[in-house]
Number of protein chains: 2
Amino acid sequence: MTGNRQPTIKTVAARAGVGRTTVSRVINGSDLVSADARARVLAAIKELNYVPNSVARGLVTSRTDAVALVIPESESRLGAEPFFAALIRGVSGALAETRTQLQLTLVRDQFERDQLAASVATRRVDGVLLVSVHTHDRLPGMLEEMGLPTVLAGRRDAGEQLSYVDSDNSGGAAAAVRYLLARGRRRIATITGSLDMDVGRSRLAGWRDAHREAGARADGALAETGDFTEEGGVRAMRSLLERAPDLDAVFAASDLMAVGALAELRRQGRRVPDDVAVVGFEDSVLARHTAPPLTTVRQPVEEVGRTMARILLDITQNGADRRQVTLPTELVVRESS
Amino acid sequence: MTGNRQPTIKTVAARAGVGRTTVSRVINGSDLVSADARARVLAAIKELNYVPNSVARGLVTSRTDAVALVIPESESRLGAEPFFAALIRGVSGALAETRTQLQLTLVRDQFERDQLAASVATRRVDGVLLVSVHTHDRLPGMLEEMGLPTVLAGRRDAGEQLSYVDSDNSGGAAAAVRYLLARGRRRIATITGSLDMDVGRSRLAGWRDAHREAGARADGALAETGDFTEEGGVRAMRSLLERAPDLDAVFAASDLMAVGALAELRRQGRRVPDDVAVVGFEDSVLARHTAPPLTTVRQPVEEVGRTMARILLDITQNGADRRQVTLPTELVVRESS
DNA sequence: ACGGACTGTGGGAGCGCTCCCAGGGGGCTG
DNA sequence: CAGCCCCCTGGGAGCGCTCCCACAGTCCGT
């Protein structure tokens, strides 16, 4: 059906009347080729419609020009799509500049996650981008041990040694709380993210920091653990209202949880922002579509993706060292506060 | 840093005291291996922590066990994320069953799209999944011509020859309109999708069909072309209200456009559903979060992705023929109608 | 005038794997 | 007991490419 098989470097060499090596040099942009030879090779390539076989190249160079992006499937659902879409856009954009391919791996469960290390060892990718790492995750360490450069989205803890790109979680949270305090709110509750992730702990820390700065006390009864889901936001809001009916603001560690909180507040007849101000974290599309529109801490998700990819490429292509980057966040004020 | 290099099939063979071929047979599950030899090989593999190099294998088998999913970047934005997230989940799930890798390619513009054919010719993937094909798209044809199996999400037109998986667009649209008619609506407008895509035309056709069935006339003035975006929905709704202020229902060919329509209706003081009923298409997360929650035609996006992957694998692995599949849709009634 | 450096070139080897084929044993048949 | 088949086995070849190295030619400087 395909007629003749694909031309190889040998075919091109024969056609151009040169050796394989010269063709290879032209393809790889070496300047140790005479203008004449180069022209003949380029002509032959064009005539034959030749495209180098990247698998063969990969075998000898032991580089694949592909990186893996690993995403836990459970977290690609539940309204977290915009986050991953933006991240992918950032990663993909940076990779496109260097013709690096993106291999997307959705991991369903812990078993698959363990398998992953092995599968990645089949040398299909030059490096790995890892999202949603939990504090006691073994995978990042395993990957680095196998000699596979790894960049995390978010660190495992404050002492993270591997490369990572993170948003300024504590700073962003503190900014949100400072703003609420400045607007006269005095009983500012928080719905935290999962506390087995640094992002959860850091945003909680920001809530505390801002209180401390202002000489106020962060009342422990005003902090309720959520899990980054909408349903978690509902539950946490309900507990908070029981425990501290006098609260006048809630800082939720994610937009999704803020949406849950809004729903529960409405159900209990609290007006937003009149009775209770609500602030989220992320500034996803969601935030613009809630009623009322959500004040939130914007994190530069696409930029996080782009930076992760750039760091990884810098390591795989230029042998750069590990790098840790924290990107600034920004408070976006809407009508919920 | 990595210490010793990765073990190869030769290392394993030596360790197990067998030949390379025997190791290869064990790995590939051939049954022409004695129980004894198999056991020794498996032990050696475990001890050495050996993982076959899939690049080397790919070179000789000329299979890569990877498929590409190509998504236009412009359409991965703007609230269309849930669609792609679901599609990717479906694809990824089906691929995981056969250990096939997913290469995600976001295409920014027409130039990149043209380049794609070449890049794909570097033989990094065994097949291609294509999303959002326009009617006069040349890419699908080019890919098939290169001998690369291709499966489309949605057909280019009613006479599509390539493999595709589609939702029942005209049927779903017709069901929506029938429902509106049954509820006593008489002036049912429609906001169409892009008409250079079959999905846009088919949903429009469904709107017409349902009218014809009912012996009603589909008034041309009640159809306005949108482009699947929220902003497009706003504009179309505005034109419709000018042209046909007496309309009492709108069928939008996407949830996103329905969201735009809702906003414009609210702005103009029309009550939904009292004055105007609104129905969308897709049943994305959006639909549950609008005010009022959106009646919509659910399309099984994840199932579309899964089916696409299965068809492609069936072609690349079993040499199956092209296949066209249309999956049923379902009307989900909420409060906007 | 001659050695040396430097440019351009191409063949050999080998990346790690699979597949072809030749071959050695054991069990069965006649 | 010879002959045959069938099961299992392993070495050679080669997938398409890059890299090492050897080599021819040119241009210097002394």
Side-chain angles (χ1 to χ4, degrees), chain A residues 2 4-42 44-45 48-66 99 119 121-126 147 317, chain B residues 2 4-42 44-45 48-66 99 121-126 317:
Chain A
T2 337
N4 286 336
R5 46 189 310 103
Q6 296 273 328
T8 74
I9 200 170
K10 238 170 168 169
T11 334
V12 175
R15 175 68 156 253
V18 299
R20 299 187 328 279
T21 312
T22 301
V23 176
S24 175
R25 287 201 182 94
V26 171
I27 294 168
N28 294 292
S30 156
D31 50 0
L32 275 90
V33 181
S34 66
D36 175 54
R38 163 168 289 117
R40 293 216 310 281
V41 168
L42 289 175
I45 287 178
L48 294 169
N49 208 3
Y50 167 75
V51 184
N53 181 321
S54 62
V55 172
R57 173 184 287 155
L59 180 56
V60 39
T61 58
S62 59
R63 303 198 54 233
T64 59
D65 292 315
R99 308 193 147 285
S119 102
T122 63
R123 297 285 149 192
R124 315 190 66 130
V125 294
D126 298 334
Q317 304 193 335
Chain B
T2 336
N4 286 336
R5 45 189 310 105
Q6 296 273 329
T8 75
I9 200 170
K10 237 170 169 171
T11 333
V12 176
R15 174 68 155 250
V18 300
R20 298 187 329 279
T21 312
T22 301
V23 176
S24 175
R25 287 200 182 94
V26 171
I27 294 168
N28 293 292
S30 157
D31 50 0
L32 275 92
V33 182
S34 65
D36 175 54
R38 164 168 288 116
R40 291 215 310 282
V41 168
L42 289 175
I45 287 178
L48 294 168
N49 209 3
Y50 167 75
V51 183
N53 180 323
S54 62
V55 172
R57 173 185 287 154
L59 180 56
V60 37
T61 57
S62 59
R63 302 198 55 236
T64 59
D65 292 315
R99 308 192 146 286
T122 63
R123 297 286 151 192
R124 314 190 67 129
V125 294
D126 298 333
Q317 304 194 334

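Order of the sequence lines fixes the chain letters, A, B, ..., with proteins taken first and strands second; residue numbering starts at 1 for each chain. This is a predicted model, so every value here is computed, not measured.
Phosphate contact (OP1/OP2 of C:dG10, side-chain N/O of A:Thr22, threshold under 4.0 Å): present.
The interatomic distance linking B:Leu59 (CG) with D:dG14 (C1') rounds to 9 Å, in whole Å.
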Across nucleotides 17-23 of chain C, 5' to 3', mark each nucleotide with B, S or - according to how protein heavy atoms within less than 4.0 Å reach it.
BBBB---
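Take B:Asn28 and apply the side chain to side chain donor-acceptor pair (under 3.5 Å) test, not counting sequence neighbours, and it matches B:Ser24. Legend: residues meeting salt bridge (Lys or Arg N to Asp or Glu O under 4.0 Å) with B:Arg25, ordered by chain and number and at least two apart, are absent. In this structure, the side chain to side chain donor-acceptor pair (under 3.5 Å) partners of A:Arg15, at least two apart in sequence or on a different chain, are A:Glu47. The salt bridge (Lys or Arg N to Asp or Glu O under 4.0 Å) check on A:Arg99 picks up nothing, with sequence neighbours excluded. In terms of the salt bridge (Lys or Arg N to Asp or Glu O under 4.0 Å) criterion, residue partners of B:Asp36 (sequence neighbours excluded) are, by chain and number, B:Arg40. The side chain to side chain donor-acceptor pair (under 3.5 Å) check on A:Thr21 picks up nothing, with sequence neighbours excluded. Take A:Leu59 and apply the side chain to side chain contact (heavy atoms under 4.5 Å, CB included) test, not counting sequence neighbours, and it matches B:Val55, B:Ala56, B:Leu59.
In the helix from C:dA1-D:dT30 to C:dG30-D:dC1, the end axes, each obtained as the rotation axis mapping the C1' atoms of four pairs onto the next four within a five-pair block, lie 50° apart to the nearest 10 degrees.
Rounding to the nearest 0.5 Å gives a distance of 9.5 Å between CG of A:Leu48 and OG1 of A:Thr8. In this structure, the separation between CD1 on A:Ile27 and OG1 on A:Thr22 is 11.0 Å, given to the nearest 0.5 Å. Interatomic distance, CZ of B:Arg124 versus CG of A:Asn53, reported as 9.5 Å (0.5 Å rounding).
A:Val125 and A:Thr64 get closest at one heavy-atom pair: CA-OG1, 3.3 Å. Shortest non-hydrogen contact noted between B:Val41 and B:Val18 is CG2-CG2, 3.8 Å.
Within residues 31-41 of chain A, the residues having any heavy atom closer than 4.0 Å to DNA chain C are, in order of number, A:Asp31, A:Leu32, A:Val33, A:Ser34, A:Ala37.
Note on residues 55-66 of chain B: pairs passing salt bridge (Lys or Arg N to Asp or Glu O under 4.0 Å), not counting sequence neighbours, are B:Arg63-B:Asp65, B:Arg63-B:Asp126.
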Identify all pairs in which a protein N or O lies below 3.5 Å from an N or O of nucleotides 4-6 of chain C, and state each distance.
none

